[in-house]
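The block underneath contains the structure these notes are about, expressed in structure tokens.
Scope of the values below: all heavy atoms of this structure, side chains included, with no hydrogens, waters or symmetry mates. Note that ligands are numbered from 1 as they come in the structure, with each ligand's atoms numbered from 1 the same way.
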Amino acid sequence: MPSPFDWTHDELARLEREGLRRSLVTRTSPQLASRIASSRGTLLNFGSNDYLALAADERLREAARRAIDEVGVGSGASPLVTGFGRYHAVLAERLAQFEHAERALLLVSGYAANVAVVTALVGRGDLILSDARNHASIIDGCRLAGAEIAIYRHGDVEHARELLVSRPGVRRKLIITDSLFSMDGDIAPLESLADLAEEHGAMLVVDEAHATGVFGARGSGVVEALGLESRIAVRVGTLSKSLGSSGGFIVGPASVIDLLMSTARTFIFSTAGTEAAAAAALKALEIVEQEPALRASLLAMSQTFRAELRSRGFQVQCSAPATGSQKIPLPDASQIIPIVLGDPLRTMQVAQQLRERGIWVPGIRPPSVPQGQSLLRISLTSAHTSSDLDQLLSELLALLPAASRENSRS
Ligand SMILES: *Cc1c(COP(=O)(O)O)cnc(C)c1O
């Protein structure tokens with residue numbers, strides 16, 4: 001008997017042929033930032049965003065357990081109804097302090113935070129300038145907002161300027177970018193974007209999802225590292241990467257956060273996250289503040305490994321932003337290190353071969369990256385050791401002979 005869902009078989013077959021079909025691997029251990037057990041055996045883990053190795057940290061577990069003992073598990077309602085608890089309130093206050101912002105708003109995920117901020121700030125008759133490599137959650141927020149979307153070439157402030165001046169007469173303008181790009185591992189030219197926004201009276205919003213906890217003297221992100229906190233007041237972050245918990249947040253001036261609270265549908269219509277997650281994130285913030293050596297050693301290790309890969313012929317793009325107006329230079333040190341192989345089938349094949357050798361490096365394909373830009377995404381964490389990195393390097397050298405490293409240039 002035919003089913004109206006029959007077309008899904010054909011569609012899956014097409015994805016399979018093109019190397020785009022995805023499947024789950026079950027992790028059977030806690031998220032240990034350097035090694036995990038999985039349904040495919042024990043793997044050296046270069047596929048986690050748990051950059052400070054906090055997701056399974058005993059101190060976060062204890063904080064979450066205490067919160068559960070005190071208030072239970074589910075929050076039971078959306079935040080504006082009865083879902084907003086004391087741990088949420090304390091966390092929002094601490095995040096605002098940590099980010100040197102007036103106010104913070106908690107959401108169930110970073111994805112929900114990006115959709116919230118874009119849809120609340122712009123609508124029909126407005127213009128969004130969005131970096132070509134922005135995270136999918138920003139792209140989806142832009143689509144939902146109903147504003148005109150102008151996509152500027154990755155990191156290209158002059159292109160953003162051209163697009164902006166070619167559209168006079170729009171009501172509001174929003175420039176939005178990742179600070180540390182999630183797949184490319186490079187940093188946006190934030191100071192030049194801040195200049196552009198100020199010249200044109202545009203709002204600027206920066207997503208620090210991968211930078212929170214890793215960059216900046218206090219560990220709040222790239223905006224802090226570049227001394228731009230007062231010029232880039234509205235920022236998005238997540239509790240689910242370096243902070244080892246789950247949930248998203250937005251910080252900004254009181255008027256912006258208050259408006260979001262009253263209008264952002266992903267805030268209003270979703271049950272509040274658990275207080276246990278908020279309690280764990282609070283503990284993680286304390287660790288980030290008290291242990292700056294965690295991020296310093298991660299960035300030092302990343303800088304060394306980037307240089308090592310490059311010296312062996314791998315094409316690893318520099319992570320620091322092009323100079324432009326930037327006053328504070330950043331080292332080429334981001335912990336996200338992409339090796340671009342181009343073809344999705346080949347990329348997944350190399351990822352599979354690494355897995356057979358006990359190493360988990362995710363292969364990233366469209367739509368996470370543009371066509372022809374499939375890549376191995378290596379992410380380092382503060383729990384990796386130099387012998388972990390040696391093992392990864394020697395397997396990469398074995399699997400990708402010099403000639404194929406050359407190919408990745410294109
Ligand atoms: C992961 C990510 C998000 C989404 O955060 P979640 O908390 O995982 O939903 C948003 N923006 C960027 C740049 C990300 O990499």
Find all atoms of ligand 1 within a distance of less than 4.0 Å from any non-hydrogen atom belonging to [X], and give their numbers and elements.
X	value
Tyr111	4 (C), 5 (O), 6 (P), 9 (O)
Asn114	10 (C), 11 (N)
Gly110	4 (C), 5 (O), 6 (P), 7 (O), 9 (O)

Side chains of Ile268 and Leu80 in contact at under 4.5 Å (non-hydrogen atoms) =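 Yes, close enough: below the 4.5 Å cut-off.
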ask   = Is a donor on one side and an acceptor on the other found under 3.5 Å between the side chain of Arg167 and the backbone of Leu163?
value =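 Flag set: sc Arg167 to bb Leu163 pair under 3.5 Å.
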key: Backbone N/O of Ser220 and side chain of Arg218: donor-acceptor pair under 3.5 Å   =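 Answer holds: no.
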query = Does ligand 1 have an atom that lies less than 4.0 angstrom from a heavy atom of Ser137?
reply =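 Heavy atoms of Ser137 do come under 4.0 Å of ligand 1.
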Looking only at protein heavy atoms, identify the closest one to [atom] and say how far it is in Å.
atom	result
atom 8 (O) of ligand 1	Ser240 OG, 3.7 Å
atom 1 (C) of ligand 1	Lys241 NZ, 1.5 Å
atom 13 (C) of ligand 1	Asp207 OD2, 3.1 Å
atom 15 (O) of ligand 1	His210 NE2, 2.5 Å

request  = Tell me whether the centres of the aromatic rings in His135 and Phe181 are closer together than 6.0 Å.
outcome  =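 Aromatic pair excluded; centres sit 6.0 Å or further apart.
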ask   = Salt bridge check: are Glu289 and Arg295 linked by an N-O gap of less than 4.0 Å?
value =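 No salt bridge links Glu289 with Arg295.
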request  = Could you walk me through whether Asp388 and Arg35 pass the salt bridge (charged side-chain N to carboxylate O under 4.0 Å, His left out) test, one step at a time?
outcome  = CA-CA 9 Å; Asp388 295 338; Arg35 246 172 213 81; 3.1 Å; yes
ask   = Purely on distance, is any nitrogen or oxygen of Asp178 under 3.5 Å from one on ligand 1?
value =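 No; every N/O pair is 3.5 Å or more apart.
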task = Under the salt bridge (charged side-chain N to carboxylate O under 4.0 Å, His left out) rule, what do Asp131 and Arg133 come out as? Steps first, then yes or no, please.
result = CA-CA 5 Å; Asp131 186 286; Arg133 298 290 186 98; over 6 Å; no
